[in-house]
Amino acid sequence: MRSDQMKSGVERIPHRSLFKALGLTDEEIKRPMIGIVNAQNDIIPGHLHLNDIVEAVKAGVRIAGGTPFQFPAIGVCDGIAMGHEGMRYSLISREHIADSVEIMAMAHPFDALVFVPNCDKIVPGMLMAALRLNIPSIFVSGGPMMPGYSNGKKLTVSNAFEAVGAAGANNINEDEINSIEDYSCPGCGSCAGMFTANSMNCMTEVIGLGLPGNGTIPAVNAARIRLAKEAGMKIMELLEKNIRPRDIVTEDSLHNALTADMALGCSTNTVLHLPAIAHSAGIKVNLNDFNKVSKATPHLVKLSPAGPDTLFDLWQAGGLPALMKELDEYGLIKTNCITVTGKTVAENIKGACVKNPEVIRTRDKAYSPDGGLAVLWGNLAPDGAVVKKGAVLPEMMVHSGPARVFNSEEECMEAIMGGRITAGDVIVVRYEGPKGGPGMREMLTPTSAIAGMGLDSTVALITDGRFSGASRGASIGHISPEAAAGGLIGIVEEGDIISIDIPNNKLELLVDEKTIAERKAKFVPLEKPVPNGYLKRYRNMVTSANTGAVFEE
C-alpha cells in the first residue's frame with residue numbers, strides 16, 4: 001500500500017506513535033488510509049453542508065474496511081466575490097487548490113482519495129489534482145440548491161443579479177426587490193441553474209469520476225447522503241482494482257464530456273476548465289474540439305439562466321444517465337469508457353430513461369440542432385472567443401453595432417447604471433483577461449444589469465474576461481489574445497463597428513487593415529498595478545484563456 005511509506009516497518013515507530021496520538025488503534029493504522037478532501041467553509045452556501053457529506057463518506061470508507069482522514073481545501077464563492085476586487089481571486093484559486101491537494105497527498109501518502117467539492121473553481125481544481133496525482137480517486141459533490149419560489153415564480157440566483165438592472169431602470173418596486181432577495185437562494189447547495197458549479201459537477205459525472213447522480217441529486221435530499229456513503233465504499237473497490245483517474249479520463253471520456261456540455265448548454269467556464277483538466281491528464285483539448293463537437297450535438301436541455309428549468313428538474317427527468325442514453329441513441333458518445341462504478345458508460349446507462357421529455361428533449365424537438373456553446377473566430381479573436389449561444393436571444397445571434405469601450409468592469413457598470421448604453425451598442429470590456437485583470441473576473445454584474453434593464457435583445461458585450469454560468473444574452477468572453485497580451489481588442493476605439501455572427505462563428509472588428517496597422521504600431525498595453533503576492537505571481541505565470549489559463553510549464 002502507498003501508505004506503508006508512512007506506517008510500516010521499524011523505521012516508522014515514531015510515525016505510528018503520531019497516528020496513535022490521533023486516537024487510532026493498531027487495526028485502523030493497518031487498514032488502507034483514505035484521504036478525504038473537504039472544501040467545507042461557512043461562507044459558500046454550496047459548501048455549508050459539506051461536513052455532513054464528509055461524515056457519510058467516512059462511514060462508507062469504514063464500512064468497506066478503510067481508515068478515513070479529512071483535510072481542507074479553500075474555496076471562493078463566485079456570487080459573493082462578484083463585482084469587486086474579490087473576483088480577481090476566483091479563477092486563480094483553481095491552481096492553488098490543485099497545488100494544495102498535491103502537497104497534502106504527497107506529504108501524507110494516502111492510498112486513495114475522495115474529493116468533496118461543490119462550487120465553481122473548487123471542482124476543476126480538485127480534478128486537476130486527481131489527475132496530477134493519479135492515485136485511486138472518486139468525487140462526490142455537495143449537490144445543487146433547490147430553486148426558490150416567490151408569487152408562484154421559480155427563482156435562482158440569476159434573478160437576484162438581474163434585479164440590479166431592473167431596479168436601476170425602475171422596472172421593479174421595493175417589495176419585488178425584497179422578495180427576490182429573500183427567496184432566490186432558499187438554502188445550501190450549488191446555485192440551482194446550469195451555472196459553473198453545476199456544469200462542472202455534471203462534467204465530473206459524465207467524465208466518469210463521479211457516481212451516477214453526482215451532478216443532479218439535490219443537496220438537501222437524503223439520496224445525496226446515500227451517494228456519499230456509496231462513494232466511501234466504492235473508493236475501496238477502486239483501490240483494490242487499482243483503477244486510477246488517468247484510466248478513466250481519456251480522449252474518449254473527454255469527448256463524452258464535451259458532448260454532454262453541448263447538449264446541456266453548460267457555462268462558458270467549461271471551455272476554460274476542460275482543457276486545463278485534460279492538460280493535467282497529458283491530453284490536449286483545444287477550442288476547435290469544442291466547435292467540432294458542438295456542430296454534431298443537438299441542444300437538448302435548457303436550464304436557468306437560458307430556460308425555466310433547474311438541476312432539480314433535470315434530476316427528476318432522469319438525470320445525466322438519461323441524457324447520456326439519449327445521446328447514445330444518436331451515436332454521439334463513447335460507451336466503452338470505464339468509470340468509478342467499475343463499469344463502463346454502457347453498463348451505467350443501460351436502465352436509464354427520460355422521464356420528462358420537456359426537460360430532456362429528443363433530437364427532433366431539440367432547442368437547436370447544434371450545441372449550447374460556440375467558439376467564435378475573427379480578427380478580434382484569432383485564438384478564439386466563447387459564447388453560451390443557447391442563452392442568446394434569436395434577434396442577437398447576428399448583430400453589428402458601435403463599440404463602447406471600457407478598460408475595466410467598474411467603468412462598464414458605471415456607464416450601464418448611468419443610462420449611457422443604448423440599443424445597438426457593443427460593449428467592449430478589456431484588460432480583464434488572465435494576465436490583464438489579472439485573474440479573469442466574471443462579468444455577471446454587467447450582463448445581468450443589461451438583462452434586467454431589458455437591453456439583452458439589443459446590446460452585446462464582448463470581453464477578454466469571462467462570464468458566470470448565470471450570464472445570458474450576447475455575452476462573448478475569453479477573447480484571445482487578450483488586451484494585456486497585445487490582442488486586437490486593446491486597439492478598439494469608441495464608435496468602431498463590431499460584427500457578431502454566432503451561427504457562422506465570426507467576431508470581427510470592421511476597421512480597415514491600414515488603420516489597424518497604424519494603431520498596432522502605437523499600442524502599448526495597459527498594466528494594472530497589483531499588490532505583491534499571489535496576483536502578481538499569477539500574472540507572471542498564467543497562459544491565455546484559449547489554453548485553459550493553465551500555468552506555463
*Steps toward salt bridge (Lys or Arg N to Asp or Glu O under 4.0 Å) verdict (E410, R441)*: CA-CA 11 Å; E410 286 81 3; R441 289 193 290 179; 2.8 Å; yes

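- Contact of the R88 side chain with the K528 side chain is registered, since non-hydrogen atoms from C-beta on lie closer than 4.5 Å.
- Between the side chain of S448 and the backbone N or O of T445, no donor-acceptor pair lies under 3.5 Å.
- A donor-acceptor pair under 3.5 Å is absent between the side-chain atoms of D456 and the main chain of G473, judged by distance alone.
- The two atoms that bring E442 and N269 nearest to each other are OE2-ND2, 2.9 Å, heavy atoms only.
- Residue P438 comes nearest to V530 through the heavy atom pair CD-CG1, 3.3 Å, listed as atom of the first residue, atom of the second, then distance.
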*Worked check of side chain to side chain contact (heavy atoms under 4.5 Å, CB included) between L287 and V271*: CA-CA 8 Å; L287 298 190; V271 185; 3.3 Å; yes

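- In this structure, L254 and I283 have side chains that are in contact, with non-hydrogen atoms separated by less than 4.5 Å.
- The shortest distance between side-chain heavy atoms of H478 and N546 does not fall below 4.5 Å.
- In this structure, F290 and N288 have side chains that are not in contact, with every pair of non-hydrogen atoms separated by 4.5 Å or more.
- Panel note: side chain T204, backbone C202; no donor-acceptor pair is recorded below 3.5 Å.
- With hydrogens and angles disregarded, a donor-acceptor distance shorter than 3.5 Å links the side chain of H84 to the backbone of I80.
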_Using the rule given for ring pair (Phe, Tyr, Trp, His ring centres under 6.0 Å), can you reason through Y534 versus Y89, listing the C-alpha separation, both sets of side-chain angles and the distance that settles it, and then say yes or no?_
CA-CA 9 Å; Y534 193 36; Y89 288 86; 7.4 Å; no

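- Here the CG-NE2 distance, from L91 to H273, works out to 6.5 Å after rounding to the nearest 0.5 Å.
- Closest heavy-atom contact between F195 and P305: CE2-CD, 3.4 Å.
- Residues M82 and M87 meet the side-chain proximity criterion, which asks for heavy atoms closer than 4.5 Å.
- The main-chain N or O of A39 is found under 3.5 Å from a side-chain atom of H47 such that the two form a donor-acceptor pair.
- Salt-bridge formation is detected for the pair R132/D99: a Lys NZ or Arg NE/NH1/NH2 atom is positioned less than 4.0 Å from an Asp or Glu carboxylate oxygen.
- Judged by distance alone, the side chain of N505 and the main-chain N or O of V375 form a donor-acceptor pair under 3.5 Å.
- No side-chain donor-acceptor contact under 3.5 Å links K302 to the backbone of G265.
- Shown here are the side-chain hydrogen bond (donor to acceptor under 3.5 Å, both in side chains) partners of S93, two or more places apart in sequence or in another chain: there are none.
- Nearest heavy atom pair, residue L48 against residue C188, reads CB-CB, 4.5 Å.
- Here salt bridge (charged side-chain N to carboxylate O under 4.0 Å, His left out) pairs that include residues 475-502, with residues two or more places apart or in two chains, are R404-E494, E493-R519, D496-R519.
- Residues T270 and M200 have side chains in contact (heavy-atom distance under 4.5 Å, counting atoms from C-beta outward).
- Atom OG of residue S400 and atom CG of residue L510 lie 6.0 Å apart, to the nearest 0.5 angstrom.
- A salt bridge links R472 to E162: one of the charged nitrogens lies within less than 4.0 Å of a carboxylate oxygen.
- Within a 6.0 Å radius of CD1 in I43, other residues, nucleotides and ligands contribute 12 heavy atoms or fewer.
- Of the charged side-chain nitrogens involved, none lies within less than 4.0 Å of a carboxylate oxygen, so that E251 and K334 do not count as a salt-bridged pair.
- Using modelled atom types and a 3.5 Å distance limit, the side chains of S304 and T156 yield a donor-acceptor pair.
- Across I497, N379, T515, a single residue satisfies side chain to side chain contact (heavy atoms under 4.5 Å, CB included) together with L509, and that is N379.
- With hydrogens and angles ignored, the 3.5 Å screen pairs no side-chain donor or acceptor of T547 with any backbone N or O of T543.
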*asked:* The test is salt bridge (Lys or Arg N to Asp or Glu O under 4.0 Å); show your working for E527 and R539 and say whether it passes.
replied: CA-CA 10 Å; E527 185 171 296; R539 182 169 64 189; 3.6 Å; yes

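- Heavy atoms only, all atoms of each residue included: T259 and T297 are closest at O-CG2, 3.4 Å.
- Side-chain N or O atoms of S190 include one that pairs as donor or acceptor with a backbone N or O of G143 at under 3.5 Å.
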_Assess the residue pair H399 and V459 against the criterion (side chain to side chain contact (heavy atoms under 4.5 Å, CB included)); give the C-alpha distance rounded to whole Å, side-chain angles, the decisive distance to 0.1 Å, and a yes or no._
CA-CA 9 Å; H399 178 78; V459 170; over 6 Å; no

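- One finds no salt bridge joining K522 and E518 here, because no Lys/Arg side-chain nitrogen approaches an Asp/Glu carboxylate oxygen to under 4.0 Å.
- In terms of modelled atom types and a separation under 3.5 Å, the side chain of N118 and the main chain of G46 share a donor-acceptor contact.
- M262 CE to K292 NZ: the interatomic distance, rounded to the nearest 0.5 Å, is 13.0 Å.
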*Given the rule in the side chain to side chain contact (heavy atoms under 4.5 Å, CB included) test, do I122 and V76 qualify, once you have shown the distances and angles that lead to the verdict?*
CA-CA 8 Å; I122 299 94; V76 172; 5.8 Å; no

_Quick one, L314 with L303, criterion side chain to side chain contact (heavy atoms under 4.5 Å, CB included). Give me CA distance, side-chain angles, the key distance, then yes/no._
CA-CA 8 Å; L314 179 58; L303 306 185; 4.2 Å; yes

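- For E414, there are no side-chain hydrogen bond (donor to acceptor under 3.5 Å, both in side chains) partners, not counting sequence neighbours.
- Proximity of V37 to F71: side-chain heavy atoms (C-beta onward) are separated by under 4.5 Å at one or more points.
- For the atom pair F406 CZ and R430 CZ, the distance stands at 10.5 Å (nearest 0.5 Å).
- Annotation: the span from L376 atom CG to N504 atom CG amounts to 10.5 Å, rounded to 0.5 Å.
- One finds no salt bridge joining D120 and R94 here, because no Lys/Arg side-chain nitrogen approaches an Asp/Glu carboxylate oxygen to under 4.0 Å.
- L373 has its side chain out of reach of K389: every pair of non-hydrogen atoms, C-beta onward, lies at least 4.5 Å apart.
- With sequence neighbours excluded, no residue forms a side-chain hydrogen bond (donor to acceptor under 3.5 Å, both in side chains) with D289.
- Across all non-hydrogen atoms, the minimal contact from D78 to K121 is OD2-NZ, 2.6 Å.
- Scored by the side-chain contact (heavy atoms from CB on, under 4.5 Å) test, T463 finds V429, E432, M443, L461, F467 as partners (sequence neighbours excluded).
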_Does T196 form a side-chain hydrogen bond (donor to acceptor under 3.5 Å, both in side chains) with S267? I'd like the steps, not just the answer._
CA-CA 5 Å; T196 304; S267 165; 3.0 Å; yes

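- Scanning for side-chain hydrogen bond (donor to acceptor under 3.5 Å, both in side chains) contacts around S457 gives an empty result, with sequence neighbours left out.
- Between I479 atom CD1 and I489 atom CD1 the span is 4.0 Å, to the nearest 0.5 Å.
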